[in-house]
A.B. asks: 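The structure is given below, and queries will be raised subsequently.
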Amino acid sequence: MPHIDEHRHEGAVALLTGAGSGIGRACALRLAQEGAIVVGCDVNAAALEETRAAIRAVGRDVDIVTGDVTKQADVDRVVAEVIGRHGQIDILGNIAGIMDWFLPAHEVDDETWTRVMDVNVNGVMRLCRRVLPGMIERHQGAIVNIASVGGFRGGAAGVAYTASKHAVVGLTRSIGWTYRDEGIRCNAICPGGVATNIGTTAVPRSAWGLERLHPIHAAAARMAEPDEIATLLSWLASAEASNVSGAVIADDGGWTAG
Ligand SMILES: NC(=O)c1ccc[n+]([C@@H]2O[C@H](COP(=O)([O-])OP(=O)(O)OC[C@H]3O[C@@H](n4cnc5c(N)ncnc54)[C@H](O)[C@@H]3O)[C@@H](O)[C@H]2O)c1
């Protein structure tokens, strides 16, 4: 059972992308339960409404704003709306992400490569560059990026997803290092398999590719619940993790330990 600390994020404003489903929804719920003013962002407006209903069902609330992280104009609007309504952004959770149909390098098409990079990498960069100036000004901020075990190993997904999550790891370390004296921390979580809706957008399209991934997939731990990832995100975003920055942490039940 998760330990809910109702005051952990009291008064902090948290912007979370991908909040309409899976890990993003679980993080929105957890931070709202722990006192944060949460703004959930997602490209899927109906899914965001479901997240809001789930959070209201436990007596908490969440602000929502629809936006596509692949569009800079959307990101600009989302960040401006959050600051306009809540004054600042203390916590940024870059959670939105998609998979790549497990396509290997010789089968990947331009559309898949470009889309995966645009959502998983460029989206994270776009949010960070708009949110960081306010954090620098206030000398305070915590960014948590959801990468993947595919961010530090080559056999978990297709080439586009793997490269995109390696890039998220690099982005995390760059920000963790560069802004360490600005009161800003940036960390990445690398989940293994988590029971979410991402599987429905990642039906394997390459039998050849999937066969090559088999030894790694066969060694996977059990599927985690999204809430188990939210626990780590909440801690990394909190003052308790004041000395943790630039860290890339597996949350995979030991999958990558072997
Ligand atoms: N589920 C897993 O097994 C697993 C494992 C490792 C890492 N991850 C990562 O966790 C993160 C969350 O994924 P999930 O498993 O909760 O999947 P999910 O599909 O349940 O949720 C992802 C959410 O992101 C949103 N989204 C997609 N594209 C977007 C865009 N362009 N702009 C704004 N929102 C967008 C979707 O609408 C969806 O609500 C992703 O970055 C994913 O790569 C998931």
Side-chain angles (χ1 to χ4, degrees), residues 15-30 39-52 54 62 64-79 92-102 112 114-127 144-153 155-158 160-169 171-172 188-203 213 216-217 220-230 232-233 248-253 255-256:
L15 171 59
L16 307 177
T17 70
S21 176
I23 296 169
R25 178 178 292 175
C27 292
L29 174 63
R30 175 64 66 87
V39 185
C41 168
D42 204 288
V43 72
N44 185 335
L48 271 182
E49 287 294 350
E50 282 176 32
T51 293
R52 175 141 73 182
V62 62
I64 56 175
V65 52
T66 308
D68 183 341
V69 300
T70 68
K71 296 184 175 139
Q72 187 64 55
D74 278 23
V75 170
D76 292 349
R77 175 180 50 76
V78 167
V79 171
L92 171 63
N94 284 304
I95 306 170
I98 57 170
M99 282 205 68
D100 65 352
W101 320 109
F102 297 98
T112 300
T114 306
R115 182 77 192 156
V116 169
M117 288 296 168
D118 213 13
V119 177
N120 293 5
V121 186
N122 302 346
V124 176
M125 177 275 296
R126 287 187 188 100
L127 263 302
V144 185
N145 299 321
I146 302 296
S148 163
V149 296
F152 51 66
R153 70 189 322 181
Y161 188 82
T162 301
S164 76
K165 294 301 188 179
H166 274 68
V168 171
V169 167
L171 204 148
T172 302
I189 300 173
C190 293
V194 188
T196 69
N197 290 319
I198 206 163
T200 57
T201 61
V203 181
L213 301 178
I216 300 296
H217 286 181
R222 68 167 170 83
M223 289 290 264
E225 291 302 322
D227 195 45
E228 296 181 272
I229 313 303
L232 182 54
L233 182 140
V248 177
I249 304 176
D251 191 336
D252 66 355
W255 185 12
T256 50

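Since this is a predicted model, take the numbers as computed values, not measurements. As the structure lists them, so they are numbered: ligands from 1, and atoms in each ligand from 1.
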A.B. asks: Testing the 3.5 Å rule here: is there a donor-acceptor pair between the side chains of T256 and D252?
C.D. replies: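 The answer is yes; a qualifying pair exists.
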A.B. asks: Please work out which of the three classes, parallel, tilted or perpendicular, describes the rings of F102 and H217, given edges at 30° and 60°.
C.D. replies: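 Answer is perpendicular, since the angle exceeds 60°.
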A.B. asks: For the 3.5 Å polar cut-off, considering only N or O atoms, please tell me whether G24 and ligand 1 meet it.
C.D. replies: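 For ligand 1, there is no N or O atom that lies under 3.5 Å from one belonging to G24.
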A.B. asks: May I ask whether P226 places a heavy atom under 4.0 Å from ligand 1?
C.D. replies: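 In this structure, P226 fails to qualify as a contact of ligand 1 - no heavy atom is under 4.0 Å.
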A.B. asks: Any N or O of S21 that comes nearer than 3.5 Å to an N or O of ligand 1?
C.D. replies: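 Yes; at least one N/O pair falls below 3.5 Å.
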A.B. asks: Considering G20, G18, G67 one by one, which has a heavy atom nearer to atom 33 (C) of ligand 1 than any of the others?
C.D. replies: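 Nearest option to atom 33 (C) of ligand 1, by heavy atoms: G67.
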A.B. asks: Can you check whether Y161 and H166 have ring centres sitting under 6.0 Å from each other?
C.D. replies: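 They do not qualify: ring centres at least 6.0 Å apart.
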A.B. asks: For atom 11 (C) of ligand 1, what's the nearest protein heavy atom and its distance?
C.D. replies: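 Ranked first by proximity to atom 11 (C) of ligand 1 is I95 O, 2.9 Å.
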A.B. asks: For I146, take its heavy atoms, then give the atoms of ligand 1 lying under 4.0 Å from any of them.
C.D. replies: 9 (C), 10 (O), 11 (C), 41 (O)
A.B. asks: Considering I198, D42, T66 one by one, which has a heavy atom nearer to atom 19 (O) of ligand 1 than any of the others?
C.D. replies: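 It is I198 whose heavy atom sits nearest to atom 19 (O) of ligand 1.
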A.B. asks: Quick one, L48 and T66 - any side-chain contact, counting heavy atoms below 4.5 Å?
C.D. replies: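 When only atoms from C-beta onward are counted, T66 and L48 do touch, with a gap below 4.5 Å.
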A.B. asks: Identify, by atom number and element, the atoms of ligand 1 in contact range of D68, meaning under 4.0 Å from any of its heavy atoms.
C.D. replies: 30 (C), 31 (N), 32 (N)
A.B. asks: As an exercise, identify every atom of ligand 1 less than 4.0 angstrom from a heavy atom of G22.
C.D. replies: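 This gives 16 (O), 20 (O) as the contact atoms.
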A.B. asks: Can you list the atoms of ligand 1 that are under 4.0 Å from a heavy atom of Y161?
C.D. replies: 6 (C), 7 (C), 8 (N), 9 (C), 42 (C), 43 (O)
A.B. asks: Should one rank T70, T196, N120, V168 by closest heavy-atom distance to atom 14 (P) of ligand 1, which comes out on top?
C.D. replies: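 Answer by nearest heavy atom: T196.
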A.B. asks: Find out whether V78 and K71 are in side-chain contact, i.e. whether some heavy atom of one side chain is under 4.5 Å from a heavy atom of the other.
C.D. replies: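 The answer is no, as the side chains (C-beta and beyond) never meet within the 4.5 Å cut-off.
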A.B. asks: Would K165 count as being in polar contact with ligand 1, using the rule that some N or O on each side must be under 3.5 angstrom apart?
C.D. replies: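 Among all N and O atoms of K165, at least one is under 3.5 Å from an N or O of ligand 1.
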A.B. asks: Could you tell me which atoms of ligand 1, counted from 1 in the order shown, lie closer than 4.0 angstrom to a heavy atom of G193?
C.D. replies: 3 (O)
A.B. asks: Does any N or O of ligand 1 fall below 3.5 Å from an N or O anywhere on I23, backbone included?
C.D. replies: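 By distance alone, the answer is yes.
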A.B. asks: Under a 3.5 Å threshold, yes or no: a donor from one side chain and an acceptor from the other, between D100 and T112?
C.D. replies: no
A.B. asks: Which of the atoms in ligand 1, numbered in the order shown and given with their element, are less than 4.0 Å from a heavy-atom of V43?
C.D. replies: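 Taking each heavy atom of V43 in turn, ligand 1 has 29 (C), 30 (C), 32 (N), 33 (C), 34 (N), 35 (C), 37 (O) under 4.0 Å.
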